[in-house]
Undergrad: 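Handing you this structure, nothing more for now.
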Amino acid sequence: MSETQAQGFGALMQRCETLFEDLDFNAVKQWKAAAPGRKAIGYMPIYVPREIIHAAGMLPVGIFGGGDQLEVIQGDAYYQSYICRIPRSTIELGLTGRLDCLDGMLFPSICDVIRNLSGMWQIMFQEKYVKYFDLPQNYDDATGGRFYVHEMAALKADLERLGGKPVTEEDLRRSIQVYNENRKAVRELYAYRAGKPWQAPTSEVYLVLRAGCVLPPEEHTALIREYIAKVDEEKRPQRDNARVVLTGSFCEQPPLGLIKSIEMAGCYVVDDDFQLIQSWLLDDVSLEKPPLEALSEAFLHRSAQTSSKYDERKEDKGRHLLRQVKMRGAEGVIFAAPSFCDPALLERPMLQEILAKHKIPYTAFKYAENTGQMAPIREQAGTFADSIKLWSAA
Amino acid sequence: MTTATAPKAAPKKDVIKEDAMLLQKELINRNYAELARAHEEGRKVAATFVPGNLNELLMCFDLARSLPETNALQNAMRKKSGKMVLDAERDGHSEDVCTYVKADLGMMLQGEKGPTGDPLPRPDVLLLSYTGCFTFMKWFELIRQKYDCETTMLHVPYQGDGKISPTMREYVVRQLKEKVIPTLEKVSGVKFDIDRLREYMKESQKAEDDLVAVLQTAKQRPSPIDGYFGAVYYIGPIFTAFRGVPEATRYYAVLKDEVLERMKSGKGPITPEGDHPGEKYRLVVEGPPNWTSFRDFWKMFYDEGAVVVASTYSKVGGVYDFGFRHDPQRPLESLAEYCLGCYTNLNFPQRIDMICRYMDEYQADGLLINSIKSCNSFSAGQLLILREVEKRTGKPAAFIESDLVDPRYFSAANIKNRLESYFQMIRQKRSAAATNEAVHA
């Protein structure tokens, strides 16, 4: 029985909140201290194949910036005012020693800011393992796939050196299985929330998923399922809220207060892209094929669309968002993007045009991870929810 | 990211230009004229970006070539880009994103007229060379969404580990063979001929040799060129539609002769107001220039006696000064290496090494960073570059901010103040060093 299984609902949520607020990553330190020689590898949004880290016996740790509780002092000295906040708060975490528990950091290809941060990290934290992890924008198995398999093999070899032991195909398969189960639990949670959004508010779902950034995947899977079981027993009123998909928040995260504000304003968030890594691969990774090839195939052919990925054909644009809207029975879309986020903000007009063609209402705003003034966002979300309700009633 | 030509309608009568500058202007304007006529002459039009620009390959398919960054900066130098940016923002594009993109989209909204006033036709194919800039990908997705153009992606992996691995090269070559070339054949109706590519590359090599020779004259004291403000004219043909064209080879030969002659005579660079008033400060500059007030910006330097002896921006469409040349013996591999080696595809330690090397080889007094709001590829992390270069070279560095083509972000007074303070700092460093030397003599 896991640590979370025996606790009540309040204690479970308290644990998730504690994990979320803990910018010293004590859960990671505890995991490392539980056995000698354990190592932890941080990764930034959006996606890295965590299976490889896990197969090396290491803990993958999601680093999503410093949120609204971290005072950024040193980090601001590295960035101009027109750069988003996540790199500066991540540097703050690093310079204040909060990431000392990490033995390495992965910077996946998402945008030029995170890309450049990989080189900054190489210079600033020279004793740590640092890798820029390139993801293919060509989706042919023989071309992009071959390149991606090689990138993953290079990562595996690096982690073997770091860990001092080989990673076998069997290790990788076991880890794929563990993450298949984790993704299945995430899908169950998303489906549950879409079915009963009044029962599983996104402010809670977010915390449950965010716990997956610091917990081992096995424990996180159990936590998700326990949450679903326990929250279903809670008595919560159903409101006449507007069902919305929230999109654009895949990297720098909005403050929790912003998610709560949207909900308080009369919206049920029935789908989102907050921590896309957990739902990036849309179904199970094959256990039959060579593991790296299986991971590659899943990425190339069965992964979520997001603005950091190239859409090969014009008609592919927005397909994932439309599917989210349809599958979750959403009535509108909220574009919530961090200020100065190139991927989200450049993508937005294209997605808005597609939504307009499908007569799906939308609204848009920007935030930073330390946004403090929620009143304008609450007003905007409330007006949007009202307009949906008026529109659907008309 | 890209290159300049002298504007068609020069604002002042007394603007001084080298012969090579006039030749360059002719070339660039000729390209706009060719683009304007392309469709009526039955030619297809390709658009592609400056970094990772596969000009020799596009010419194999008889395609006319349009470079959207160049279009944006040409509009900026003609004071047209401000309205274009505003029009794009009114059309739903965020104020936070790249102004090259918005100037391009704004230009299309205004009726698809190019910077020279000639029609700029819709591209028949977008060659999305995804090299060193995330925005490129979204830029062409936006154009594709609007105009439904055929699009072919060339994903160029980033040099995260500071080197080009065989896998990276093979990945790019496979994309060229499997995706890019078949798409260009389909759009143009012209079959690919690798020997034709080889011939263009032979021309490229000659031009590349001469360009490097020109840029490296700045190692002399006084430097006969400005390696930033002047260099953006010099890189014009080779970074755009002319690499591999005999006229460009001739242009670089003429330019080299002119510059070598200036060097022999001990002359400094030519500025828009005539000969440089005299070299007092030698600078390395990191980052693209501002285009909306290009002349005013340049004047702030030469008025104070500053010469830029090397710049990273003049390597954005290809880094040639450390030995890379297009190689006709291995054409596709060479195109891959060209793309992989563009400046913004280098990682941070490589960029810092390169700047420190320039500081040393070009005997610079300091580093100036022009941080561009639009360009995260260049700008994100530049403050660390500044610290590292100061630490490693012991020379002063300074930081100014502006934008590419959005006139709202050029504050002349602020930039001038900062530059004046910076030059004062260099003087103080010099006199401190001289005093120190005298004490220890």
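From a predicted model like this one, the values you see are computed outputs, not experimental measurements.
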Undergrad: Which bit of B:I372 is near chain A, if near means a heavy-atom gap under 4.5 Å: side chain, backbone, both or neither?
TA: backbone

Undergrad: Tell me which of these, A:I83, A:I91, A:D342, has more heavy-atom pairs under 4.5 Å with chain B than the rest.
TA: A:D342

Undergrad: Any salt bridge between A:K317 and A:D311, counting N to O under 4.0 Å?
TA: yes

Undergrad: For chain A, find which of B:T152, B:N347, B:L142, B:D161 contributes the most heavy-atom pairs closer than 4.5 angstrom.
TA: B:L142

Undergrad: Measure B:E95 against the heavy atoms of chain A and call it side chain, backbone, both or neither at under 4.5 Å.
TA: side chain

Undergrad: Against chain B, work out which of A:Y310, A:Y132, A:F340 has the most heavy-atom pairs shorter than 4.5 Å and name it.
TA: A:Y310

Undergrad: Can you tell me which portion of A:I110 sits under 4.5 Å from chain B's heavy atoms? Options are side chain, backbone, both or neither.
TA: backbone

Undergrad: Measure A:A142 against the heavy atoms of chain B and call it side chain, backbone, both or neither at under 4.5 Å.
TA: both

Undergrad: Specify which of B:H93, B:K177, B:E178 makes the most heavy-atom pairs with chain A at under 4.5 Å.
TA: B:H93

Undergrad: Count the heavy-atom pairs under 4.5 Å between each of A:H150, A:Q352, A:E347 and chain B, then report the option with the highest count.
TA: A:H150

Undergrad: Give, for atom CE of B:M354 and atom CZ of B:R357, the distance between the pair rounded to the nearest 0.5 Å.
TA: 9.0 Å

Undergrad: Is it the backbone or the side chain of A:E315 that comes under 4.5 Å from a heavy atom of chain B, or both, or neither?
TA: neither

Undergrad: If I measure from the heavy atoms of chain A, does B:N376 come under 4.5 Å with its side chain, its backbone, both, or neither?
TA: both

Undergrad: Side chain, backbone, both or neither: which part of A:A337 has a heavy atom under 4.5 Å from chain B?
TA: neither

Undergrad: Taking side chain as everything from C-beta outward and backbone as N, CA, C, O, which of these in A:I123 sits under 4.5 Å from a heavy atom of chain B? Side chain, backbone, both or neither.
TA: side chain

Undergrad: Side chain, backbone, both or neither: which part of B:K179 has a heavy atom under 4.5 Å from chain A?
TA: side chain

Undergrad: Report the option among A:S339, A:P87, A:S307 that has the most heavy-atom pairs separated by less than 4.5 Å from atoms of chain B.
TA: A:S307

Undergrad: Which heavy atom in A:W121 sits nearest to a heavy atom in A:G94, and how many Å separate them?
TA: CH2-CA, 4.1 Å

Undergrad: For chain B, find which of A:P349, A:S118, A:S109, A:A364 contributes the most heavy-atom pairs closer than 4.5 angstrom.
TA: A:P349

Undergrad: Charged N to carboxylate O under 4.0 angstrom, A:E160 versus A:K156?
TA: yes

Undergrad: I'd like to know if B:D87 pairs up with B:K102 as an ion pair, taking the criterion as any Lys NZ or Arg NE/NH1/NH2 lying under 4.0 Å from an Asp or Glu carboxylate oxygen.
TA: no

Undergrad: Less than 4.0 Å between a side-chain N and a carboxylate O, is that true for B:E390 and B:R387?
TA: no

Undergrad: Of all of B:Y171, B:Y130, B:F348, which one pairs up most often with chain A through heavy atoms under 4.5 Å apart?
TA: B:Y171

Undergrad: Report yes if the side chains of B:W139 and B:M137 come closer than 4.5 Å at any heavy-atom pair, otherwise no.
TA: no

Undergrad: Using the ring of A:Y139 (Phe, Tyr or Trp, six-membered ring only), decide whether A:K309 places NZ or CZ under 6.0 Å from its centre and within 45 degrees of its axis.
TA: yes

Undergrad: Are B:F140 and B:F49 close enough that their ring centres sit under 6.0 Å apart?
TA: yes

Undergrad: Does any backbone or side-chain atom of A:Q122 lie under 4.5 Å from a heavy atom of chain B? Answer side chain, backbone, both or neither.
TA: side chain

Undergrad: Answer yes or no: is there an ion pair linking B:R169 with B:E337, defined by an N-O contact shorter than 4.0 Å?
TA: yes

Undergrad: At a 4.5 Å cut-off on heavy atoms, which part of B:L128 comes close to chain A: side chain, backbone, both, or neither?
TA: side chain

Undergrad: Contact part of B:I352 toward chain A, heavy-atom cut-off under 4.5 Å: side chain, backbone, both or neither?
TA: side chain

Undergrad: Go through B:I385, B:V97, B:D91 and name the one with the most non-hydrogen pairs under 4.5 angstrom from chain A.
TA: B:V97

Undergrad: Of the options B:E286, B:K315, B:Q350, which is the one that meets B:Y343 in a side-chain hydrogen bond (donor to acceptor under 3.5 Å, both in side chains)?
TA: B:E286

Undergrad: Taking side chain as everything from C-beta outward and backbone as N, CA, C, O, which of these in A:R348 sits under 4.5 Å from a heavy atom of chain B? Side chain, backbone, both or neither.
TA: side chain

Undergrad: Under 30°, 30 to 60°, or over 60°: which ring-plane class applies to A:Y47 and A:F299, parallel, tilted or perpendicular?
TA: parallel

Undergrad: Under 4.0 Å between a side-chain nitrogen and a carboxylate oxygen: does that hold for A:E312 and B:R144?
TA: no

Undergrad: Where is the tightest heavy-atom contact between A:P343 and A:F250, given as atom of each residue plus distance?
TA: CB-CZ, 3.8 Å

Undergrad: Non-hydrogen atoms of chain B under 4.5 Å away: do they reach the side chain of A:S308, the backbone, both or neither?
TA: both

